[in-house]
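Have a look at the structure below, then the notes.
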Amino acid sequence: MTEKCGVVGVSLDGRDAARPLYYALYALQHRGQESAGIVTHDGFQQHSHVDMGLVGDVFDADDLETLNGSAGIGHVRYPTAGSVDSSCAQPFSVSFKSGSLGLSHNGNLVNADEIREELAAVGHAFTSDGDTEVIAHDLARNLLEEDLVRAVKHTMSRIHGSYALTISHDDTVLGVRDPQGNRPLCIGKLEDGYILASESAAIDTLDGELVRDVRPGELVVLDDDGAGFDSYQLVETENTAHCFFEHVYFARPDSIIDEQLVYEARRNLGRKLWEESGVETDVVMPVPDSGRAFASGYADAASETTADGELRADEDDGVEFAEGLMKNRYVGRTFIMPTQDERERAVRLKLNPIKSTIEGKTVTVIDDSIVRGTTSMQLVQLLKDCGAEEVHVRIGAPEIVAPCYMGIDMATREELIASDKSTAEIRDTIGADSLSYLSTDAVADVLGKERIDLCLGCVTGEYPYDIEGEETDRDVSRPELEGRTLHADD
């Protein structure tokens with residue numbers, strides 16, 4: 001499992017956009033570490049700087065000085081569709097008869113190949129195998145014949161999958177969220193303009209104020225002078241398909257997504273975890289940093305009721321919350337290391353136990369997910385080697401049984417430990433004394449959504465989009481392409 005991407009767009013009143021975009025991308029760095037880029041427009045021409053690496057490595061002061069203009073967009077990427085090289089780094093830029101386009105994409109299309117083949121047949125030349133370039137070419141084609149709003153609506157009628165887009169058309173910045181709202185996107189007000197961003201943490205970084213989420217199927221066009229924005233509800237659907245994993249794992253805890261603070265959502269998921277599968281142990285500890293909010297909520301609930309649901313006696317404090325694992329922050333994420341041996345070695349490099357918290361005690365350790373099981377197996381063994389009498393594992397999300405096609409580069413079914421093993425079998429594999437996951441209904445309850453309004457494909461194997469070879473959880477089909485007959489020079 002790797003990160004999704006992060007997108008941002010700003011329109012300011014006379015101030016260069018490059019530095020605010022740079023700071024916003026820093027705030028979104030957790031969403032992608034492969035490449036970073038900024039595209040600006042000064043009213044006359046488009047400027048671009050895109051490269052491989054972290055935000056702080058891609059840009060220096062001289063780079064920012066060359067990015068002139070008060071409007072622009074930015075992107076941080078972890079690849080989920082397309083190659084891992086500079087050809088797929090974003091924002092993607094294209095110049096054509098009707099001006100210049102920059103496009104940043106968070107998500108994943110499931111019909112990109114069909115559209116690419118159709119456009120290539122009428123002369124479009126593609127420089128990458130990513131789906132972002134497909135969207136850019138399709139939108140550019142439509143802008144030759146239609147105004148901005150109609151062109152975006154036309155492209156939305158053709159692309160199928162998850163997307164949150166920030167787009168620059170000359171010096172106009174716009175944002176689009178797919179009709180199911182799978183990927184997050186929000187609007188913020190700055191002192192001298194407006195911002196669109198994947199998460200509200202980017203708005204906070206610029207001392208801005210969160211206005212609201214971009215609605216599913218909505219186009220938001222920022223005013224060129226930063227004075228406001230226009231809204232166009234281009235597509236409406238009966239149900240949404242918000243990605244529940246944003247709240248469980250991907251988003252920053254201090255972000256507000258779909259009107260809910262991520263940190264509080266995770267704490268409440270932890271409380272539900274105690275209600276559903278609490279176990280009386282001496283101590284509960286998080287896997288840092290992913291399990292911290294879950295463990296905090298779990299311990300709070302455990303201080304109020306017993307594992308059987310009875311109210312605690314006044315003298316009974318419940319299960320103690322403690323930090324039992326210290327994280328080496330200079331070690332990369334274990335699940336993006338290419339070989340099994342490296343992943344196992346990285347767990348030992350990454351986490352060091354606090355012996356006084358663990359030795360001679362029964363322990364509950366809480367994390368957000370189990371993917372391959374490698375980290376969990378190493379972690380349980382680490383705690384037992386440190387003297388834990390029992391190690392119970394609790395997970396703040398349902399079992400991941402199927403891959404994600406919507407923008408998370410998750411393991412294949414063959415690599416997902418829960419795809420072909422029962423909870424008891426996984427418990428035995430990782431060596432835990434007990435193992436429980438949070439139920440899907442509990443996730444929906446905490447997020448205040450009906451299950452049909454969430455994307456649960458990775459935990460149910462049923463998806464909200466028409467994906468070849470997979471089951472759907474609703475009546476949905478990919479759009480029929482009209483079969484264009486235009487010439488390449490139209």
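Excluded from the calculations below are hydrogen atoms, water molecules and symmetry mates; all remaining heavy atoms, backbone and side chain alike, are included. The model shown is predicted, which means the values in this text are computed figures rather than measured ones.
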| said: Within the 3.5 Å criterion, strictly below it, is a donor on Q90 or T132 matched to an acceptor on the partner's side chain? | reply: yes
| Between E259 and R212, does at least one N-O distance fall below 4.0 Å, as a salt bridge requires? | no
| query | Any side-chain donor paired with an acceptor under 3.5 Å for S290 and D367? | reply | yes
| query | Does R158 pair with E118 as a salt bridge, N-O distance under 4.0 Å? | reply | yes
| task | Give a yes or no on whether the backbone of C5 and the side-chain of H105 come within a donor-acceptor separation of less than 3.5 Å. | result | no
| request: Would you sort out whether E470 and R413 count as a salt bridge (Lys or Arg N to Asp or Glu O under 4.0 Å), showing the intermediate values? | output: CA-CA 12 Å; E470 300 287 1; R413 274 188 173 85; 2.8 Å; yes
| task | Please check if any side-chain donor atom of R252 sits under 3.5 Å from a side-chain acceptor atom of S200, or the reverse. | result | no
| query | For V363 and T281, what are the C-alpha separation, side-chain angles and deciding distance, and is it a side chain to side chain contact (heavy atoms under 4.5 Å, CB included)? | reply | CA-CA 6 Å; V363 173; T281 56; 5.9 Å; no
| Regarding T306 and E280, is there a side-chain donor-to-acceptor distance under 3.5 Å anywhere? | no
| query | How far does SG of C186 sit from CG of L210, to the nearest 0.5 angstrom? | reply | 5.5 Å
| request: Drop me the distance from L273's CG to R266's CZ, to the nearest 0.5 angstrom. | output: 14.5 Å
| query | L269 and V443: which non-hydrogen atoms are nearest, and at how many Å? | reply | CD2-CA, 3.9 Å
| task | Would you kindly say whether D258 and H242 are connected by a side-chain donor-acceptor distance under 3.5 Å? | result | yes
| request: Assess the side chains of D385 and Q381: does a donor N or O sit below 3.5 Å from an acceptor N or O? | output: yes
| query | Is it true that E276 and R271 have a side-chain N and a carboxylate O under 4.0 angstrom from each other? | reply | no
| So E133 and L103, side chain to side chain contact (heavy atoms under 4.5 Å, CB included) or not? Walk me through it. | CA-CA 8 Å; E133 186 177 5; L103 194 143; over 6 Å; no
| request: Supply the atom-to-atom distance L481 CG to E114 CD, rounded to the nearest 0.5 angstrom. | output: 5.5 Å
| query | Have E415 and T412 got a donor and an acceptor in their side chains that come within less than 3.5 Å? | reply | yes
| request: Using a strict 4.0 Å threshold on nitrogen-to-oxygen distance, state whether R183 and D178 make a salt bridge. | output: no
| message | Aromatic contact between F294 and Y298, with the criterion being ring centroids under 6.0 Å apart: yes or no? | response | no
| query | When you check the side-chain N and O atoms of S162 and N108, is any donor under 3.5 Å from an acceptor? | reply | no
| said: Quiz question: by atom type and distance under 3.5 Å, do the side chains of E310 and T305 form a donor-acceptor pair? | reply: no
| Are R177 and N182 side-chain neighbours, meaning at least one heavy-atom pair lies under 4.5 Å? | no
| T362 and E390 side chains, donor-acceptor separation under 3.5 Å | no
| request: May I ask you to check whether S35 and R77 show a side-chain donor-acceptor distance below 3.5 Å? | output: no
| request: Report yes or no: do S434 and H392 form a side-chain donor-acceptor pair below 3.5 Å? | output: yes
| Y463 vs Y405, ring pair (Phe, Tyr, Trp, His ring centres under 6.0 Å): CA-CA, chis, key distance, verdict | CA-CA 9 Å; Y463 299 87; Y405 298 91; 5.2 Å; yes
| request: Inspect the contact between D433 and K384 and indicate whether a charged nitrogen and a carboxylate oxygen are less than 4.0 angstrom apart. | output: yes
